[in-house]
Protein chains: 2
Amino acid sequence: MTTTVRATRRDATANRAALLDAAREALRRDPAASLETIAAQAGLSRRALYGHFASREDLVAELVTSAAERIGAIVSTVDDPDPRRAIAMLGAAMWDEIEHIRALAQVAVRGPHRESVARALAPVRSRLRRSVDRGRAAGLVREDMPALRVAGLVEGAAIAVLDEATSSGLSAHEGRRLVMLATLGAAGLSWTEADAIVEGLR
Amino acid sequence: MTTTVRATRRDATANRAALLDAAREALRRDPAASLETIAAQAGLSRRALYGHFASREDLVAELVTSAAERIGAIVSTVDDPDPRRAIAMLGAAMWDEIEHIRALAQVAVRGPHRESVARALAPVRSRLRRSVDRGRAAGLVREDMPALRVAGLVEGAAIAVLDEATSSGLSAHEGRRLVMLATLGAAGLSWTEADAIVEGLR
DNA sequence: ACGATCGTGCACAGCATTGTGCAAGAACAG
DNA sequence: CTGTTCTTGCACAATGCTGTGCACGATCGT
């Protein structure tokens with residue numbers, strides 16, 4: 001007897017994607033959102049969710065790993081000989097992934113995902129770290145604190161803008177600009193210098 | 001028959017304070033920490049907690065209002081004719097309340113306390129807003145975005161440092177300095193300018 | 001059109017948490 | 001010391017969420 005293998009149904013894959021989208025949105029607002037809430041927002045029943053994900057853990061894990069892949073991809077596209085431009089571009093690239101990053105940040109608050117989220121952001125961190133080092137060597141980035149702390153401030157500034165953006169609706173263009181200005185400010189540039197860098201990237 | 005009213009027992013008031021401290025710490029790590037966890041960390045049983053607070057809501061509400069009072073108090077002590085110095089001092093004052101503010105920020109993520117937290121931080125916001133306005137009028141603070149957005153960035157920078165500080169242990173002195181530098185950076189000052197301001201406050 | 005795949009609605013067990021009642025003992029104020 | 005206040009431990013109900021089983025109907029691939 002030959003077992004006939006069919007392709008997955010189109011609506012099924014669409015529903016799976018809808019569930020992931022719904023989870024991203026719901027978990028961004030409330031990291032403890034129930035599966036009922038998520039499924040409803042995706043237009044499905046809670047029971048159907050279990051047809052796609054074995055457990056809540058499974059769902060969240062897939063969100064984290066998919067975000068990790070996207071973030072890893074953006075990092076590889078960003079580079080510039082001028083470390084200041086590199087920092088700004090890194091911020092702008094993060095802006096394009098804001099939905100995913102915000103979801104990550106919310107999920108990270110609670111228990112078992114802290115590590116995987118940290119791993120997901122590791123490539124961004126290391127590249128940022130390199131840009132900061134290069135910037136300091138060239139006298140372009142602040143030297144009044146350890147380099148690692150500068151990188152932390154830059155990262156924090158980016159997250160702060162991403163937060164602001166989600167609460168007070170920012171246009172995509174304004175958001176990009178703001179992230180770049182904020183990260184450069186954290187790196188020690190004056191606002192006029194930061195503006196010049198951002199303008200040069202236009 | 002005369003009802004004799006006794007003073008509250010010393011250990012009771014101490015335990016009440018211990019519960020609030022424990023709640024602050026526990027909720028900072030996990031906004032959904034159980035009362036069991038909180039009570040245990042305070043060295044009490046969950047049942048005893050209900051002797052001090054009628055409900056979970058009650059406990060959190062008291063945390064929020066007490067933090068609001070402390071924060072209101074610090075705001076009234078901070079002022080300086082130089083808006084840049086005022087911003088830095090505001091940041092430093094927040095550093096002294098870091099434990100309370102961090103707890104607030106965590107609690108604020110979830111549902112019904114968003115408003116009360118916003119009210120608690122309102123005085124800080126308005127004073128910051130004034131300093132930014134004065135700074136812009138004097139050409140000392142960035143003018144490449146609306147004043148309200150500058151204030152948001154400054155606030156975000158402060159929170160970012162407070163976050164960094166709790167994760168990677170910072171000394172009280174380093175923390176104060178870092179908050180001031182980060183807020184001034186968000187306000188548009190270069191790192192050398194920021195250092196000069198902070199040095200002048202020494 | 002046929003059959004496999006998918007979604008639905010319900011029922012059910014398990015688990016964690018909140019909030020309350022009560023009896024007995026420990027710690028304290030006066 | 002005495003009596004009040006506080007804490008403990010247990011039992012209990014109520015609630016909400018997770019995860020699973022099953023029958024039926026809808027939808028899709030071929």
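A, B, ... follow the sequence lines: proteins, then strands. Residue 1 opens every chain.
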Between D96(A) and R176(A), is there a side-chain N and carboxylate O pair less than 4.0 Å apart? yes
Specify the separation, in whole Å, of atom CD of E36(A) and atom P of dG9(C). 10 Å
Between R127(B) and D79(B), does any side-chain N to carboxylate O distance fall below 4.0 Å? yes
Considering only dG30(C), dT18(D), dG29(D), which nucleotide approaches the side chain of L35(A) most closely? dT18(D)
Applying salt bridge (charged side-chain N to carboxylate O under 4.0 Å, His left out), name anything that partners R129(B), two or more places apart in sequence or on another chain. D133(B)
Measuring to OP1 and OP2 of dC6(D), would you say a side-chain N or O of N15(B) lies under 4.0 angstrom away? no
Output yes when R47(A) and E36(A) qualify as a salt bridge under the 4.0 Å nitrogen-oxygen rule, no when they do not. no
Okay, side chain of R46(A), backbone of I38(A): is any donor-acceptor separation there less than 3.5 Å? no
From CD1 of I38(B) over to P of dT17(C), roughly how many Å is that when rounded to an integer? 11 Å
By salt bridge (charged side-chain N to carboxylate O under 4.0 Å, His left out), which residues pair with R102(B), not counting sequence neighbours? D163(B)
Report the residues that fulfil salt bridge (charged side-chain N to carboxylate O under 4.0 Å, His left out) with R70(B), sequence neighbours left out, ordered by chain and then residue number. E97(B)
Looking at R16(B) and E62(B), is there a salt bridge between them, counting it only when a charged N and a carboxylate O are closer than 4.0 Å? yes
Side chain of T8(B) only, please: which of dC28(D), dC6(D), dG7(C) is the nearest? dC6(D)
Contacts to DNA chain D from residues 53-60 of chain A, heavy-atom cutoff under 4.0 Å, which residues? A54(A), S55(A), R56(A)
Tell me the interatomic distance from R16(B), atom CZ, to dT7(D), atom C1', rounded to whole angstroms. 16 Å
Suppose the criterion is salt bridge (Lys or Arg N to Asp or Glu O under 4.0 Å): which pairs have a residue in residues 81-93 of chain B, not counting sequence neighbours? D80(B)-R85(B), D82(B)-R84(B)
Protein-nucleotides 9-16 of chain D N/O pairs closer than 3.5 Å?
none

Please tell me if R10(A) has a side-chain N or O lying less than 4.0 Å from either OP1 or OP2 of dG29(D). yes
Atom CZ of R6(A) and atom P of dC28(D): how far apart are they, to the nearest Å? 13 Å
Please report, rounded to the nearest Å, how far the P atom of dC17(D) is from the CG atom of L27(A). 14 Å
Do the side-chain N or O atoms of H52(B) get closer than 4.0 angstrom to the phosphate oxygens (OP1, OP2) of dT7(D)? yes
Expressed in angstrom and rounded to an integer, what is the separation of D11(A) atom CG from dG29(D) atom P? 7 Å
Atom OH of Y50(A) and atom P of dC10(C): how far apart are they, to the nearest Å? 18 Å
